[in-house]
Amino acid sequence: MNLSDSLRLHARWSVDLDAAQHARVVADLAVQHVAAGEPFCRKGEDVDAWIGVMAGLVKLSSSLPDGRTMTFTGVPPGGWFGEGSLLKREPRKYEAVALRDSTVARLPRPTFEWLLGTSIPFNRFLLLQLNERLSQFIGLVEYERLLDPDAKLARAIADLFNPILYPGNGPRLEISQAELALLGGVSRQRANQSLRRLEQAGLLAVEYAAIRVLDLDGLRRFGG
DNA sequence: TCATTAAATTGTT
DNA sequence: AACAATTTAATGA
């Protein structure tokens with residue numbers, strides 16, 4: 001699969017660009033492979049690019065002073081992040097770690113700002129994404145204090161299938177139960193139990209190293 | 001194409 | 001955390 005195909009799939013915002021804009025994006029994008037467990041964005045670093053996940057699976061988290069880490073969300077292929085710090089010209093506020101071998105693309109700041117100034121569809125995409133993230137993080141605060149592991153996992157999964165943040169992905173996602181446990185902040189055993197309950201409730205289907213979502217709204221509402 | 005083996009993932013304790 | 005069972009992928013006849 002060449003870069004253009006990959007962009008149509010995993011950079012949905014690029015399909016609404018005109019020829020010149022698309023050409024510059026293709027020319028300026030830097031594709032990078034990151035190994036599982038590798039933190040490829042660190043807290044405090046200068047933000048010089050907008051980052052998209054082309055393949056694999058990424059986790060956005062913040063490490064607290066006491067050494068513990070708090071996971072915000074998982075980012076499947078098609079997800080782009082970092083626009084907040086890019087817009088505000090501030091150091092990165094969290095870190096990004098690859099949960100498995102992944103491919104990420106970096107869109108340099110000058111290109112990002114050029115699109116911001118020249119493409120209305122690009123602005124619309126960003127606005128929708130920022131709005132969606134806001135409600136996502138409000139939900140995060142809610143379920144952190146719920147403490148019900150089933151509900152926590154349900155919300156973490158629902159986030160992964162957000163059609164606005166990660167368009168172009170179908171109802172099926174290849175992800176191990178160990179990876180889901182990391183994202184949900186629960187043990188793998190607990191994740192296994194929760195997945196069976198969610199399957200029993202008809203919200204998703206558990207497959208080998210994958211899950212298939214059957215009722216996204218049901219997952220979002222689960223336990224809440 | 002089929003059988004064997006290794007590696008990854010799952011299910012259970 | 002450890003273990004056994006299951007599934008997949010890779011290898012070679």
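Each chain gets a letter, A, B and so on, in the order the sequences are listed, and its residues count up from 1.
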K.L.:
Along nucleotides 6-13 of chain B, 5' to 3', which nucleotides get a B, which get an S, and which get a -, given that the test is a protein heavy-atom distance under 4.0 Å?
P.N.:
--BSBBBB
K.L.:
With side chain to side chain donor-acceptor pair (under 3.5 Å) as the test, would you mind laying out the steps for A/Gln32 and A/Thr103 before giving the verdict?
P.N.:
CA-CA 6 Å; A/Gln32 172 191 10; A/Thr103 306; over 6 Å; no
K.L.:
Identify whether NZ of Lys or CZ of Arg in A/Arg106 sits under 6.0 Å from the centre of the six-membered ring of A/Trp50 and within 45° of that ring's axis.
P.N.:
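A/Arg106 over A/Trp50 ring: no.
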K.L.:
Salt-bridged, A/Arg42 to A/Glu95, with N to O below 4.0 Å?
P.N.:
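A salt bridge is absent here (no side-chain N lies under 4.0 Å from a carboxylate O).
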K.L.:
With a 4.5 Å limit on heavy-atom distance, are the side chains of A/Ile211 and A/Phe161 in contact?
P.N.:
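Yes - at least one pair of side-chain heavy atoms lies under 4.5 Å apart.
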K.L.:
Look at A/Glu174 together with A/Arg172 and state whether they make a salt bridge at an N to O cut-off of under 4.0 Å.
P.N.:
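Judged by the 4.0 Å cut-off on N to carboxylate O distance, A/Glu174 and A/Arg172 do form a salt bridge.
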